[in-house]
Amino acid sequence: MTQPRPSHATRAVVLGGGLSGTLAAAALASHVDEVLILDHDVLPDEPKARPRLPHGDHAHMLWAGGADAMEQLLPGVIQECLDGGARRIPVPTGMVSYAPAGWFRRSWEPTHYLIGALRQEFDLVVRRRVLALPTVRVRCGVKVIGLLGNAARVGGVRVRNEDHEPETVRADLVVDATGRGSKAPTWLAEIGGPRVREITVDAGVRYASRLYKAPAGADENWPVIHIQADPRGGEPGRVASIISVGGGRWHVSLSGTRGGEPTAQEEQFEDFAREARHPLVAEALARAEPISDIAVYGRTANRRRFYDRARLPAGFVVLGDAATSLNPVYGHGMSASALGALALRTVAESTPVPSSRFGMQAQRRIARPAADAWLLAVGQDRFYPNSIGAKPNIVDRIGARYVARLTYTATDSAVVVKSLTDVMTMRKRAGELFRLRVLVAAARGPRRPVLDAPPLTPFELAILRRAPMERPTAKH
Ligand SMILES: Cc1cc2nc3c(=O)[nH]c(=O)nc-3n(C[C@H](O)[C@H](O)[C@H](O)COP(=O)(O)OP(=O)(O)OC[C@H]3O[C@@H](n4cnc5c(N)ncnc54)[C@H](O)[C@@H]3O)c2cc1C
């Protein structure tokens, strides 16, 4: 049924022009007369770092589920990224992954994919596409400082504008996409809104990342290498990964949980990689050349704010890291944002954006993919010895045992590899892991013994057999 439109021109204001904000703008662009994005930063017209996106200096991979959602929002956007040099890496064939249960085989059908790109390059392609939409506008250098309205309805935002002057901006819908640092709970309290329950599980993960020039010949065909930590190993977890991001570059991210964090010190970077559960990343880095400084970052706690269960004022929605921030090692943040933005559009297709029921309906749908990613992350992170937040209960322990059994089975079972990959890439919801055929396969276990060495191709082995590159000796 066609809904009556309000008599005035309708406007959605999106707070934050990061990935969630730009995708939210794409989602709403055909459903209101104007979408206005407000960002505190200046959003550059080139792929460069910016102060309020420090996480952009760390390796980002976009799983197929998130990439598919972006394609639905902005048809052709992934091809544009690829045309700009990003890599489409087949999954599982293009991944050399060492799980707590052992190496995953790569000899399956490449049913999925991931996109490897520098985060700033990726954001730029998306931003350009969104800002070219006729109804979308952006104002940079504008800091949002509060909401307008009351407990029943949000009617806009209070900002410090480009001239640092206070200003109010009216809106029929406000979407908070200001990321981990979102002040929405305070803003809601200021207008008499509800208190929003929140849970944090913090394994104290710190990242150190660096760009390398790939060894000659090892850029286009190089697999993702991912040495995972073992949350139940009783020690701080160490992760080491290489993602080939196009242009002959590898983006290398190392991370460690509380008590085992990497540092920004040059001489310790490759040593840290060597001390992961397997030294494969360090062996590859010894054949590559560092081409950037080391960036470190430590704001990585899992934090979920249950906006979907609060009595929010009408006209207010929260998306992306502002609602659910995730430990980045599982690589789900961007995909959860993209799927959330797609959910926003789905609701806008059937419910007028200015209507009082739009916000709550959208919030509930946005929460679904984020909740799946949350379960996958905290289901592991609660087990690290120095993790802060709710300790694992009996349900968590049973769930973790089942996931451990699945990953063990996935070392050699087509059925389980497919269903785990469906869920890890966020193409399917977590319930996929409990289908009968998956339960039966998990009960049987892997068909062959676990591999005792990484599954490398002759080409990859040849690269690793090259002589290590000379490193300048540290000055004292
Ligand atoms: C080290 C690291 C590695 C990661 N790796 C991956 C990965 O491999 N794969 C993956 O999918 N995800 C990864 N993530 C997660 C991913 O970066 C986030 O999920 C994603 O950036 C969330 O986007 P967002 O738009 O919600 O928030 P943000 O990217 O934080 O953007 C928020 C925006 O809001 C603006 N803003 C903030 N406050 C205000 C204000 N008061 N007024 C106006 N503007 C404001 C900021 O300037 C910024 O532009 C990683 C994260 C980290 C930290």
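Note that ligands are numbered from 1 as they come in the structure, with each ligand's atoms numbered from 1 the same way.
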Q | Under-4.0 Å heavy-atom contact with ligand 1, by part of Ala59 that carries it | A | backbone
Q: Quick one: sort the His55 and Tyr297 rings into parallel, tilted or perpendicular, breaks at 30° and 60°.
A: tilted
**Q.** Check: Glu34/Thr135 side-chain N/O donor and acceptor closer than 3.5 Å
**A.** no
Q: Name the closest protein heavy atom to atom 27 (O) of ligand 1, giving the residue it belongs to and the distance to 0.1 Å.
A: Gly179 CA, 3.4 Å
Q. Out of curiosity, Asp176 CG to Arg305 CZ, how far, rounded to the nearest 0.5 Å?
A. 8.5 Å
(Q) Could you go through Asp45 and Arg127, starting from their C-alpha distance and side-chain angles, then the distance that decides it, and tell me whether this counts as salt bridge (charged side-chain N to carboxylate O under 4.0 Å, His left out)? (A) CA-CA 9 Å; Asp45 199 27; Arg127 191 160 64 238; over 6 Å; no
Q.
With heavy-atom distances below 4.0 Å as the criterion, list the atoms of ligand 1 near Val142.
A. 42 (N), 43 (C)
Q) Should Pro51 be listed as contacting ligand 1, given a heavy-atom distance under 4.0 Å as the test? A) no
Q: Just go through Gly181, Gly298, Pro328 and tell me whose heavy atom is the nearest to atom 51 (C) of ligand 1.
A: Pro328
Q: Below 4.0 angstrom from a heavy atom of Gly320, which ligand 1 atoms are there? Numbered from 1 as shown, please.
A: 26 (O)
Q.
Only heavy atoms of Arg52, strictly under 4.0 Å: list the atoms of ligand 1 that pass.
A. 46 (C), 47 (O)
Q.
Does anything in residues 76-100 form a side-chain hydrogen bond (donor to acceptor under 3.5 Å, both in side chains)? List the pairs, not counting sequence neighbours.
A. Gln79-Asp83, Glu80-Arg129, Arg87-Ser244, Ser97-Gln228
Q: Compare Met334, Met61, Arg206 and give the one whose heavy atom is closest to atom 9 (N) of ligand 1.
A: Met61
Q) Are any of the N or O atoms of Leu319 closer than 3.5 Å to those of ligand 1? A) no
Q: For atom 37 (C) of ligand 1, grab the closest protein heavy atom and report residue, atom and distance to one decimal in Å.
A: Thr178 O, 3.4 Å
Q. Among protein heavy atoms, which lies nearest atom 40 (C) of ligand 1, and at what distance?
A. Val144 N, 3.8 Å
Q. For atom 35 (C) of ligand 1, what's the nearest protein heavy atom and its distance?
A. Asp39 OD2, 3.3 Å
Q. Hey, what's the ring geometry for Trp63 with His332, parallel, tilted or perpendicular (30° and 60° as the breaks)?
A. tilted
Q | ring pair (Phe, Tyr, Trp, His ring centres under 6.0 Å) against Trp222, all qualifying residues, sequence neighbours excluded | A | Trp250
Q) Atoms of ligand 1 less than 4.0 Å from Tyr207 heavy atoms? A) 1 (C)
Q: Could you tell me the separation between the OG atom of Ser292 and the NZ atom of Lys213, rounded to the nearest 0.5 Å?
A: 14.5 Å
Q. Of the protein's non-hydrogen atoms, which lies at the shortest distance from atom 19 (O) of ligand 1, and what is that distance?
A. Asp321 OD1, 2.7 Å
Q: Report yes if some N/O of Ser337 lies less than 3.5 Å from some N/O of ligand 1; otherwise report no.
A: no
Q. Quick one: which ligand 1 atoms are inside 4.0 Å of a heavy atom on His55?
A. 17 (O), 21 (O), 28 (P), 29 (O), 30 (O), 52 (C), 53 (C)
Q.
Among all the protein's non-hydrogen atoms, which is closest to atom 44 (N) of ligand 1, and how far away is it?
A. His40 N, 3.0 Å
Q) For ligand 1, which atoms sit closer than 4.0 Å to a heavy atom of Gly16? A) 33 (C), 34 (O), 35 (C)
Q) What's the shortest heavy-atom distance between Glu121 and Pro47, and which atoms? A) CG-CB, 3.6 Å
Q. Are Glu167 and Arg139 close enough, and set up right, to give a salt bridge (charged side-chain N to carboxylate O under 4.0 Å, His left out), and what steps lead you there?
A. CA-CA 13 Å; Glu167 185 186 320; Arg139 281 176 63 185; 3.0 Å; yes
Q | Ion pair check, Asp172 and Arg11, cut-off under 4.0 Å | A | no
Q: Return yes when Val159 approaches ligand 1 closer than 4.0 angstrom through a heavy atom, no otherwise.
A: no
Q: Mark the output for Arg119 as yes if a heavy-atom distance to ligand 1 is under 4.0 Å, and as no if none is.
A: yes
**Q.** Lys/Arg-Asp/Glu bridge criterion (N-O < 4.0 Å) met for Glu198, Arg304
**A.** no
**Q.** Closest approach of any protein heavy atom to atom 31 (O) of ligand 1, naming residue and atom
**A.** Gly18 CA, 3.8 Å
(Q) With salt bridge (charged side-chain N to carboxylate O under 4.0 Å, His left out) as the criterion, how do Asp308 and Arg364 come out once you've worked through the C-alpha distance, each side chain's angles and the decisive distance to 0.1 Å? (A) CA-CA 5 Å; Asp308 51 312; Arg364 291 202 183 113; over 6 Å; no
Q. Is Ser20 close to ligand 1, meaning an N/O of one under 3.5 Å from an N/O of the other?
A. yes
Q) Given Val329 and Tyr207, is the side chain to side chain contact (heavy atoms under 4.5 Å, CB included) satisfied, shown in steps? A) CA-CA 9 Å; Val329 298; Tyr207 264 66; 3.6 Å; yes
Q: Say whether Arg299, considering both its backbone and side-chain N or O atoms, lies within less than 3.5 Å of an N or O atom on ligand 1.
A: no
(Q) Yes or no: does Leu15 have any heavy atom under 4.0 Å from an atom of ligand 1? (A) no
Q: For ligand 1, note which part of His60 has a heavy atom under 4.0 Å away: side chain, backbone, both or neither.
A: both
**Q.** Nitrogen or oxygen atoms of Ala322 and ligand 1 under 3.5 Å apart
**A.** no
Q. With distance as the sole criterion, is a donor-acceptor pair present between the side chains of Gln361 and Thr351 under 3.5 Å?
A. yes
**Q.** Ion pair check, Arg52 and Asp41, cut-off under 4.0 Å
**A.** yes
Q) So, are Asp57 and Arg119 salt-bridged, with charged N and O less than 4.0 Å apart? A) no
Q. Out of curiosity, is Ala177 lining ligand 1, as in a heavy atom under 4.0 Å away?
A. yes
Q | Sidechain N-carboxylate O distance under 4.0 Å for Arg158, Glu190 | A | yes
Q) Within less than 4.0 angstrom of ligand 1, does Leu19 place any heavy atom? A) yes
(Q) I'd like to know whether ligand 1 has Leu62 as a neighbour, heavy-atom separation below 4.0 Å. (A) no
Q) His58 heavy atoms, cut-off 4.0 Å: which ligand 1 atoms fall inside? A) 1 (C)
Q) Going by the atom numbers of ligand 1, which of them fall below 4.0 Å from some non-hydrogen atom of Arg50? A) 47 (O), 48 (C), 49 (O)
